[in-house]
Q: 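Next up is a structure, given as structure tokens.
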Amino acid sequence: MTFIQGLELSRRFYTEAVRPLLEDTARGLPHSAARIGSGSEVLGFDTPRSADHEWGPRLQLFLRPEDAPHHAERLSAYLSEHLPKTFLGYPTHFAPTEEPHVRVMRRTDGPVHHRIDIADVPTWFTHHLGFDPTTGIPPETWLSTPTQLLAEATEGAVFHDGLGTLTPVRASLAWYPHDIWLRTLADHWRHLAEEEAFVGRCGEVGDELGSAIVAARQTRHLMRLCLLMHHRYPPYSKWLGSAFTRTPTGARLTPVLTAALAATDWRTREERLCQAYETVAGLHNKLGLTDPVDQSVRPYHSRPFRVLGAERFAAALEGRGREKPRPEGL
């Protein structure tokens, strides 16, 4: 069977199978339909391997808050009885597994246990994100919400927005308010600054393994910084590299960071990381978010290690003025 990307499968499932049934049993009832939330297909990273769990012809169906209590259960039961057993060759029935809350596509001769999740917009987003974005989003909520969840809520696709509310809610979550974005970038620069010198310090005492671990952490910070600079919510670790390589900077830096992680000596590891530091620093300057910050690497005080001095970029973003002269020996 030819593999179909999950978003396209869900779009066709709604258009060709679900919507006609809604016309039969709930004509005139406003609704919206989308494929958002968890699942590799929402971020566009699904492959045939994804079909082994929680993947298939599925979607979210949204009703008005006043309609959901009266119609959600009835609609779910009607779909269970009338949906086709397969769609484009894929079973529409999701069978339980030994793991709670994990289901897989299986053929059935009985009612379909479908994955058409029916809810109103505020309830679904509150369940998924932990807050209701229709009532406003305080700064602390932006800062405490995992970027993976924000990506799941804003990527994917809306197939129909008859309610007229789903699209505006997703738009309100599409990206951070400007001041929150700057603070998030500053936090990542500070994380990067904390261990810049440790790649060399670990290696100097013969701890190449420790040096490699630090380099891996620094690489992760750089990847997340690039995604944030390109207005992309960084996904969690499974898809971080895939998302990173799809950005213009990520495509250029992937060979450099790969070489840093493959290096067996700390000096080569540091050299590659410094190359990546300067590239990401240059991206910061191109964005024009602050006055230009010197993007060249430099010695770490009097020690024989090279660093970017990433805290300078955090300070600039936090509005602490232009770069100050560096003390003697830096």
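Values in this document were obtained by computation on a predicted structure and should not be read as measured data.
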Q: So, Glu41 and Arg35, do they make that salt bridge, N to O below 4.0 Å?
A: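 A salt bridge is present here (some side-chain N lies under 4.0 Å from a carboxylate O).
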Q: Rounded to the nearest 0.5 Å, what separates atom OG1 in Thr184 from atom CE in Met229?
A: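 Answer rounded to 0.5 Å: 12.0 Å.
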Q: At their closest point, which heavy atom of Ala33 faces which heavy atom of Leu61, and how far apart are they?
A: CB-CD1, 4.4 Å
Q: May I have the list of side-chain donor-acceptor pairs in residues 234-241 shorter than 3.5 Å, sequence neighbours left out?
A:
{"unit_1": "Tyr236", "atom_1": "OH", "unit_2": "Lys238", "atom_2": "NZ", "d": "3.4"}

Q: Could you tell me whether the side chain of Phe131 reaches within less than 4.5 Å of the side chain of Thr145, counting heavy atoms only?
A: yes
Q: The criterion is side-chain hydrogen bond (donor to acceptor under 3.5 Å, both in side chains); which residues satisfy it with Ser40, sequence neighbours excluded?
A: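 Result, side-chain hydrogen bond (donor to acceptor under 3.5 Å, both in side chains) vs Ser40: Ser50.
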Q: Is there a path from Ile213 to Trp266 through hydrophobic residues (I, L, V, M, F, W, Y) whose side chains come within less than 4.5 Å of each other?
A: no
Q: Any link between Leu129 and Val42 through a network of hydrophobic side chains (Ile, Leu, Val, Met, Phe, Trp, Tyr) touching at under 4.5 Å?
A: no
Q: Grab the two heavy atoms, one from Leu253 and one from Phe244, that are nearest each other, plus how far apart they are.
A: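 Result for this residue pair: CB-CZ, 3.9 Å.
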Q: Parallel under 30°, tilted from 30 to 60°, perpendicular over 60°: which one fits the rings of His284 and Trp189?
A: perpendicular
Q: Are the side chain of Arg272 and the backbone N or O of Glu270 linked by a donor-acceptor pair below 3.5 Å?
A: no
Q: Is there side-chain contact between Phe94 and Val104, with heavy atoms separated by less than 4.5 Å?
A: no
Q: To the closest 0.5 Å, what do you measure between CG (Leu7) and CG (Leu59)?
A: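 If we round to the nearest 0.5 Å, Leu7:CG and Leu59:CG are 11.0 Å apart.
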Q: Considering only residues two or more places apart or on different chains, which pairs with a residue in residues 206-234 satisfy ring pair (Phe, Tyr, Trp, His ring centres under 6.0 Å)?
A: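 Residue pairs passing ring pair (Phe, Tyr, Trp, His ring centres under 6.0 Å), neighbours aside: Trp175-His231, Trp175-Tyr233, Tyr176-Tyr233, Trp181-His231, His191-His221.
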Q: Using only atom types and a distance under 3.5 Å, with no angle test, would you say the side chain of Arg269 pairs donor to acceptor with the backbone of Ala215?
A: no
Q: Is a donor on one side and an acceptor on the other found under 3.5 Å between the side chain of Thr135 and the backbone of Asp132?
A: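 Yes: the side chain of Thr135 pairs with the backbone of Asp132.
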Q: Does Trp55 belong to the same Ile/Leu/Val/Met/Phe/Trp/Tyr cluster as Leu43, with side-chain heavy atoms less than 4.5 Å apart forming each link?
A: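 No, because Trp55 and Leu43 fall into different hydrophobic clusters, even though each may have its own neighbours under 4.5 Å.
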Q: Could you tabulate the donor-acceptor pairs under 3.5 Å formed by side-chain atoms of residues 200-207, not counting sequence neighbours?
A:
{"unit_1": "Arg201", "atom_1": "NH1", "unit_2": "Glu204", "atom_2": "OE1", "d": "2.7"}
{"unit_1": "Asp207", "atom_1": "OD1", "unit_2": "Gly210", "atom_2": "N", "d": "2.7"}

Q: Sequence neighbours excluded, which residues qualify as side-chain contact (heavy atoms from CB on, under 4.5 Å) partners of Ala119?
A: Trp124
Q: Please tell me if the side chains of Glu208 and Thr264 come closer than 4.5 Å, counting only heavy atoms from C-beta onward.
A: no
Q: For residues Phe45 and Ser242, report the shortest heavy-atom separation together with the two atoms involved.
A: CE2-CB, 3.7 Å
Q: How close do Leu173 and Thr154 get, counting heavy atoms only, and between which atoms?
A: O-CG2, 3.3 Å
Q: Can you list the steps and then say if Ile116 with Phe13 is a side chain to side chain contact (heavy atoms under 4.5 Å, CB included)?
A: CA-CA 10 Å; Ile116 301 170; Phe13 182 51; 4.0 Å; yes
Q: Considering only distance and modelled atom types, tabulate donor-acceptor pairs under 3.5 Å from the side chains of residues 63-77, sequence neighbours left out.
A:
{"unit_1": "Arg64", "atom_1": "NE", "unit_2": "Asp67", "atom_2": "OD2", "d": "2.7"}
{"unit_1": "Arg64", "atom_1": "NH2", "unit_2": "Asp67", "atom_2": "OD2", "d": "2.9"}
{"unit_1": "His71", "atom_1": "ND1", "unit_2": "Arg74", "atom_2": "NH2", "d": "3.2"}
{"unit_1": "Arg74", "atom_1": "NH1", "unit_2": "Thr25", "atom_2": "O", "d": "3.3"}
{"unit_1": "Arg74", "atom_1": "NH1", "unit_2": "Thr25", "atom_2": "OG1", "d": "2.9"}
{"unit_1": "Ser76", "atom_1": "OG", "unit_2": "His114", "atom_2": "NE2", "d": "3.3"}

Q: Can you tell me how far CG of Leu287 sits from CG of Leu185, rounded to the nearest 0.5 angstrom?
A: 8.0 Å
Q: Please give me the minimum heavy-atom distance between Ser296 and Leu308, naming the atom from each residue.
A: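 Taking Ser296 first and Leu308 second, the nearest heavy atoms are O-CD1, 3.9 Å.
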Q: Which heavy atom of Leu9 sits nearest to which heavy atom of Pro57, and what is that distance?
A: CD2-N, 3.6 Å
Q: Using the side-chain hydrogen bond (donor to acceptor under 3.5 Å, both in side chains) rule, collect all pairs that involve residues 85-101, keeping only residues at least two apart or in two chains.
A: none
Q: Determine whether the side chains of Asp161 and Thr167 contain a donor N or O and an acceptor N or O closer than 3.5 Å.
A: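 Indeed, the side chains of Asp161 and Thr167 share at least one donor-acceptor pair under 3.5 Å.
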Q: Are Phe3 and Phe87 grouped together when hydrophobic residues (ILVMFWY) are joined by side-chain heavy atoms under 4.5 angstrom apart?
A: yes
Q: From Leu182 CG over to Asp187 CG, what is the distance, rounded to the nearest 0.5 angstrom?
A: 11.0 Å
Q: Do Leu222 and Leu192 have side chains that approach each other closer than 4.5 Å (heavy atoms only, starting at C-beta)?
A: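 SC-SC contact between Leu222 and Leu192 confirmed.
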Q: Return yes if a side-chain donor-acceptor contact under 3.5 Å exists between Arg103 and His113, otherwise no.
A: yes
Q: With the side chain counted from C-beta on, respond yes when Glu8 and Arg12 share a heavy-atom pair under 4.5 Å apart, and no when they do not.
A: yes
Q: Which is it for Arg190 and Glu318 under the side chain to side chain contact (heavy atoms under 4.5 Å, CB included) test, yes or no, and what are the steps along the way?
A: CA-CA 11 Å; Arg190 292 214 174 277; Glu318 291 166 346; 3.0 Å; yes
Q: Any donor and acceptor pair, going by atom type alone, linking the side chain of Arg27 with main-chain N or O of Asp24 inside 3.5 Å?
A: no
Q: From Thr147 OG1 over to Leu227 CG, what is the distance, rounded to the nearest 0.5 angstrom?
A: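 Nearest 0.5 Å value for the OG1-CG distance: 9.0 Å.
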Q: Determine whether Val297 and Val307 make a side-chain contact, defined as any pair of heavy atoms from C-beta on separated by less than 4.5 Å.
A: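 Not touching, per the 4.5 Å side-chain cut-off.
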Q: Would you find a donor on one side and an acceptor on the other, under 3.5 Å apart, between the side chain of Ser172 and the backbone of Val169?
A: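 Indeed, once roles are kept as given, a pair shorter than 3.5 Å links the two residues.
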Q: Determine the interplanar angle of the Tyr14 and Phe159 rings, folded into 0 to 90°, and report it as parallel if under 30°, tilted if 30 to 60°, perpendicular if over 60°.
A: parallel
Q: Sequence neighbours left out, what passes side-chain contact (heavy atoms from CB on, under 4.5 Å) with Thr219? Give chain and number order.
A: Met223, Leu257, Leu261, Leu273
Q: Hey, is the main chain of Leu163 close enough, under 3.5 Å, to the side chain of Ser32 for a donor-acceptor pair?
A: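 A pair under 3.5 Å: yes.
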Q: For His128, enumerate each residue passing the side-chain hydrogen bond (donor to acceptor under 3.5 Å, both in side chains) test, keeping only those at least two apart in sequence or located in another chain.
A: Glu152
Q: Starting at CD of Glu81, measure out to CG of Leu21 and round the result to the nearest 0.5 Å.
A: 11.5 Å
Q: Under the side-chain hydrogen bond (donor to acceptor under 3.5 Å, both in side chains) rule, collect the residues that match up with Asp265, sequence neighbours excluded.
A: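 Only Thr268 meet the side-chain hydrogen bond (donor to acceptor under 3.5 Å, both in side chains) criterion with Asp265.
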Q: Considering only NZ, NE, NH1 and NH2 on the basic side and carboxylate oxygens on the acidic side, decide whether Glu194 and Arg217 come within less than 4.0 Å.
A: no
Q: Is Glu16 salt-bridged to Arg11, cutoff N-O under 4.0 Å?
A: no
Q: Testing Arg306, Gln218, Glu196, Gln295 one by one against Tyr277 for a side-chain hydrogen bond (donor to acceptor under 3.5 Å, both in side chains), which residue passes?
A: Gln218
Q: Please tell me if the side chains of Ile180 and Leu143 come closer than 4.5 Å, counting only heavy atoms from C-beta onward.
A: yes
Q: Go through the structure and list residues passing side-chain contact (heavy atoms from CB on, under 4.5 Å) with Asp117, not counting sequence neighbours.
A: Arg58, Gln60, Arg115
Q: Arg252: what forms a side-chain hydrogen bond (donor to acceptor under 3.5 Å, both in side chains) with it, not counting sequence neighbours?
A: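 For Arg252 there are no side-chain hydrogen bond (donor to acceptor under 3.5 Å, both in side chains) partners, ignoring immediate neighbours.
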